[in-house]
Amino acid sequence: MLDESIGIRSPQPGWPSVKQLLDGFNSAEGPLPQPFNRRRRRMLVLGSLFILFTVSFWACFFAFKGQFWLTALDLALAVSAGGVLWMARNSQLRLAGLVFLAICLSFLLVVATLADVPTTVAPRTLHLYMVPLTVYSVFLLQHERFAVRAFVVTVVLLCFAVLAMAPVDLAHQHFMSESQRRVGAVLNVISSTVLLFLVIDIMLREAKETSALELDFARAVATGEVLAYLQPQCTADGRIVGAEALMRWRHSKRGYVSPAEFIPMAERSGLIIPAGEQIAAIICKALHRWEDDPVLRELTVSVNVSSAQLFSGASTARLLGTVSEAAAPRASLKFELTESMFVQDFQAVRGKMEEIRGQGIRMALDDFGTGFSSLSYLKQLPLDQIKVDQSFVRDLPGDASAAKIAATIVHLGEDLGLEVVAEGVENREQLTALEAMGCRIFQGFLFARPLPLEEFEALARSGKTLPVA
Ligand code: C2E
Ligand code: MG
Ligand code: MG
């Protein structure tokens with residue numbers, strides 16, 4: 001959060017809408033691997049359809065027998081399962097998962113203790129669904145905090161153990177004949193076992209797909225197949241003054257994989273370290289080549305550096321070694337760090353930044369305004385540039401709050417003598433608004449998308465202003 005003392009974060013006018021709250025809740029889990037999201041959706045759809053099918057049957061059965069409160073309970077579960085299905089189809093996967101677990105657990109507890117009481121003729125069997133529910137909990141909560149996952153799994157298993165061992169009977173009356181309960185028991189055993197098999201199968205396929213993707217990425221890094229694309233950074237009149245290097249990966253079967261999918265995976269696996277070094281090496285070699293070109297040698301290129309590259313063993317030293325090896329002109333190179341890094345250890349990041357800047361390489365602060373922003377820390381950092389995050393640019397010029405934040409960041413940069421770059425500029429209205437605030441350098445689809453290195457070189461050399469019609 002931004003420091004209130006610099007007044008960047010002003011309170012939002014009015015209450016947030018339900019949609020904003022839901023979107024906020026779902027996006028708070030951050031970008032997750034595509035295979036996981038695909039399988040999570042599949043699991044939720046399977047679970048909801050299973051519930052809809054079975055409880056519809058039981059609702060009809062109990063209605064026929066005149067036991068309307070059990071019918072009402074089944075119908076309530078059916079409606080909730082419909083809600084989960086709707087959320088899963090509308091990408092509200094995080095909320096759908098939590099609601100699914102909550103309704104399943106409460107329904108099983110209530111019905112097992114009221115209507116599925118063990119007798120000498122028919123055992124209790126509803127609690128068997130808690131076994132697939134445990135697998136559901138482990139899978140759906142795998143990216144939540146450990147404490148949340150451990151708590152939910154413990155509760156489900158405890159309920160399973162209590163229902164399996166103790167003949168808890170809250171209603172003290174029988175809703176079904178013993179023969180009907182025996183048939184119900186057979187159905188429950190078969191369907192809970194089939195459900196368990198299906199969810200384990202989905203889970204294993206997800207794990208296989210994710211590790212296959214990770215393996216393919218590791219192979220691509222080992223064979224030097226990661227690509228560096230360059231996105232131009234321009235003045236308002238479209239003159240290219242620099243670029244940001246963005247990692248791209250072309251999978252042999254899938255084609256280009258979205259960075260939203262492979263960058264988080266690379267971060268988690270540590271592969272971001274060698275992959276980031278390759279991007280730095282490609283850029284450093286290009287900068288060295290550009291020294292002989294009267295146009296290209298004037299440009300500055302930014303390279304994204306992840307926290308793993310700063311803090312894992314000797315990776316910073318290796319990164320600096322890459323720059324020396326390629327004999328890249330250091331003043332043309334910039335390393336971009338994100339604000340989120342400072343939450344881990346402010347002094348340590350600052351120390352690393354000083355070490356890098358001591359080598360003559362410039363430093364930029366990426367996605368400014370989204371994390372740990374405060375004036376006091378900004379003043380202490382050896383910085384040359386801040387980048388206004390695209391989330392503030394997106395809503396310009398209409399959104400007063402975004403406009404105020406963007407203007408404050410631009411003025412802050414000016415006051416501290418830093419260059420300010422606005423990211424994610426997509427249209428003329430955003431450009432005009434940012435220019436009026438005093439911003440002078442822009443990056444975004446309005447000017448150009450990230451381009452292969454050779455295309456960027458040809459474009460910059462041509463001296464054309466962007467956007468090229
Ligand atoms: P970032 O460093 O903030 O990069 C800017 C992102 O905004 C890029 O996404 C770029 O394609 C996108 N972008 C640029 N202009 C526009 C626009 O007008 N509209 C919209 N909607 N988007 C725009 P990309 O390439 O998908 O990269 C996403 C993130 O992945 C980057 O955010 C950065 O954090 C990370 N990343 C990319 N390459 C590297 C790398 O080589 N090393 C490391 N450590 N991280 C990288
Ligand atoms: Mg960046
Ligand atoms: Mg950024």
Side-chain angles (χ1 to χ4, degrees), residues 30-31 34 217 220-221 224-234 242-250 256-284 286 300-312 315-316 319 322 333-341 352 362-371 373 383-396 406 409 419-431 434 441-453 456 466-467:
Q34 282 301 323
F217 186 66
V221 174
E225 282 173 36
V226 284
L227 306 168
Y229 271 41
L230 289 179
Q231 185 176 33
Q233 293 175 335
C234 302
E244 175 176 9
L246 293 161
M247 195 185 293
R248 292 293 178 264
W249 173 36
R250 192 154 167 239
Y256 281 96
V257 183
S258 159
E261 182 171 352
F262 79 82
I263 298 270
M265 178 197 75
E267 298 268 7
R268 271 195 304 275
S269 60
L271 287 166
I272 196 72
I273 299 175
E277 277 165 18
Q278 280 180 26
I279 300 296
I282 295 170
I283 298 306
C284 288
T300 312
V301 180
S302 301
V303 172
N304 290 287
V305 176
S306 76
S307 61
Q309 283 176 277
L310 282 193
F311 293 115
S312 301
S315 49
T316 315
L319 197 61
T322 306
L333 184 63
K334 207 177 280 152
F335 283 162
E336 276 187 20
L337 307 185
T338 54
E339 268 189 315
S340 49
M341 287 182 197
K352 291 283 181 184
R362 300 208 238 165
M363 300 295 310
L365 193 53
D366 204 358
D367 307 336
F368 189 75
T370 55
S373 322
L383 273 173
D384 299 278
Q385 184 185 78
I386 51 176
K387 299 185 81 177
V388 183
D389 187 63
Q390 38 185 291
S391 59
F392 306 122
V393 174
R394 193 178 304 132
D395 299 328
L396 293 178
I409 296 174
E419 197 175 71
V420 181
V421 177
E423 281 193 304
V425 183
E426 292 184 348
N427 56 52
R428 293 253 164 230
E429 291 72 31
Q430 291 167 344
L431 175 66
L434 287 159
I441 304 176
F442 311 89
Q443 180 183 342
F445 297 165
L446 171 66
F447 297 96
R449 291 195 173 246
L451 302 165
L453 182 58
F456 173 84
L466 299 177

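Hydrogens, waters and symmetry mates are skipped; everything else that's a heavy atom, side chains included, is used. Along the sequence shown, residues are numbered consecutively beginning with 1. Being a predicted model, the structure only gives us computed values, none of them experimental. When a ligand or atom number is given, it counts from 1 through the structure's own listing order.
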Colleague: Please give the atom name: the N, O or S atom of D367 nearest to the Mg ion (ligand 3).
Modeller: OD1

Colleague: Measure from the Mg ion (ligand 2) to every N/O/S atom of E336 and report the name of the nearest one.
Modeller: OE1

Colleague: Check E423 with R394, please: is the shortest side-chain N to carboxylate O separation under 4.0 Å?
Modeller: no

Colleague: What part of P450, side chain, backbone, both or neither, has a heavy atom within less than 4.0 angstrom of ligand 1?
Modeller: side chain

Colleague: Return the closest protein heavy atom for atom 18 (O) of ligand 1 as residue, atom name and distance.
Modeller: F445 N, 2.8 Å

Colleague: As an exercise, identify every atom of ligand 1 less than 4.0 angstrom from a heavy atom of D366.
Modeller: 1 (P), 2 (O), 3 (O)

Colleague: How far apart are the closest heavy atoms of P274 and V221, and which atoms are they?
Modeller: CB-CG1, 3.6 Å

Colleague: Who's the nearest protein heavy-atom neighbour of atom 22 (N) of ligand 1, and how far?
Modeller: Q390 OE1, 3.2 Å

Colleague: Would you mind telling me which of L227, N304, I272, V303 makes a side chain to side chain contact (heavy atoms under 4.5 Å, CB included) with M247?
Modeller: I272

Colleague: Please report the closest heavy-atom contact between Q231 and A448, naming both atoms and the distance.
Modeller: NE2-O, 3.1 Å

Colleague: Check all N, O or S atoms of E244 and name the one closest to the Mg ion (ligand 2).
Modeller: OE2

Colleague: Is any NZ, NE, NH1 or NH2 atom of the basic residue among R250 and E225 found under 4.0 Å from an Asp or Glu carboxylate oxygen of the other?
Modeller: no

Colleague: Starting from atom 30 (O) of ligand 1, which protein heavy atom do you reach first, and at what distance in Å?
Modeller: I263 CG1, 3.9 Å

Colleague: I would like to know whether V393 and L434 meet side chain to side chain contact (heavy atoms under 4.5 Å, CB included); could you show each step before the answer?
Modeller: CA-CA 8 Å; V393 174; L434 287 159; 3.9 Å; yes

Colleague: Centre-to-centre under 6.0 Å for F217 and W249, is that the case here?
Modeller: yes

Colleague: What is the nearest protein non-hydrogen atom to atom 3 (O) of ligand 1, stated with its residue, atom name and distance?
Modeller: D367 OD1, 3.1 Å

Colleague: State, to 0.1 Å, how close Q233 and V421 come at their nearest heavy-atom pair, and which atoms those are.
Modeller: NE2-CG1, 4.3 Å

Colleague: Any non-hydrogen atom of G424 lying under 4.0 Å from ligand 1?
Modeller: yes

Colleague: Find, among atoms of E423 that are N, O or S, the one nearest to the Mg ion (ligand 3), and state its name.
Modeller: OE1

Colleague: Under 4.0 Å from ligand 1, counting heavy atoms only, is it the side chain of R449, its backbone, both or neither?
Modeller: neither

Colleague: Look at K387 together with E244 and state whether they make a salt bridge at an N to O cut-off of under 4.0 Å.
Modeller: yes

Colleague: In terms of residue, atom name and distance, what is the protein heavy atom nearest to atom 5 (C) of ligand 1?
Modeller: E423 OE2, 3.5 Å

Colleague: Where do Q443 and C234 land on the side chain to side chain contact (heavy atoms under 4.5 Å, CB included) test, with the steps shown first?
Modeller: CA-CA 6 Å; Q443 180 183 342; C234 302; over 6 Å; no

Colleague: Is it the side chain (CB and beyond), the backbone, both or neither of P259 that lies under 4.0 Å from ligand 1, heavy atoms counted?
Modeller: side chain

Colleague: Does the protein place a non-hydrogen atom closer than 4.0 angstrom to atom 32 (O) of ligand 1?
Modeller: no

Colleague: Among protein heavy atoms, which lies nearest atom 10 (C) of ligand 1, and at what distance?
Modeller: L246 CD1, 3.8 Å

Colleague: Report yes if Q443 has an N/O atom closer than 3.5 Å to an N/O atom of ligand 1; otherwise report no.
Modeller: no

Colleague: Which ligand 1 atoms, with their elements, are less than 4.0 angstrom from a heavy-atom of N304?
Modeller: 2 (O), 38 (N), 39 (C), 40 (C), 42 (N), 43 (C), 44 (N), 45 (N), 46 (C)

Colleague: Taking atom 25 (O) of ligand 1 as the point of reference, which of M247, R248, E244 owns the nearest heavy atom?
Modeller: R248

Colleague: Nearest 0.5 Å, what's the CG-SG distance between L319 and C284?
Modeller: 8.0 Å

Colleague: Looking at every non-hydrogen atom in both residues, tell me the closest pair between L310 and S315 and how far apart they are.
Modeller: N-OG, 4.4 Å

Colleague: Only N/O/S atoms count here: what is the atom of D366 closest to the Mg ion (ligand 2) called?
Modeller: OD2

Colleague: Specify side chain, backbone, both or neither for V425, according to which of its non-hydrogen atoms lie closer than 4.0 Å to ligand 1.
Modeller: backbone

Colleague: How close do L383 and A364 get, counting heavy atoms only, and between which atoms?
Modeller: CD2-C, 3.8 Å

Colleague: With a cut-off of 2.8 Å, does S302 place any N/O/S atom under that distance from the Mg ion (ligand 2)?
Modeller: no

Colleague: Could you tell me the residue and atom name of the protein heavy atom closest to atom 15 (N) of ligand 1, and the distance to it rounded to 0.1 Å?
Modeller: Q231 NE2, 3.0 Å

Colleague: Give me the residue, atom name and distance of the protein heavy atom closest to atom 21 (N) of ligand 1.
Modeller: E426 OE2, 3.1 Å

Colleague: Quick check: closest heavy atoms across F445 and P450, and the distance to 0.1 Å?
Modeller: CE2-CD, 4.2 Å

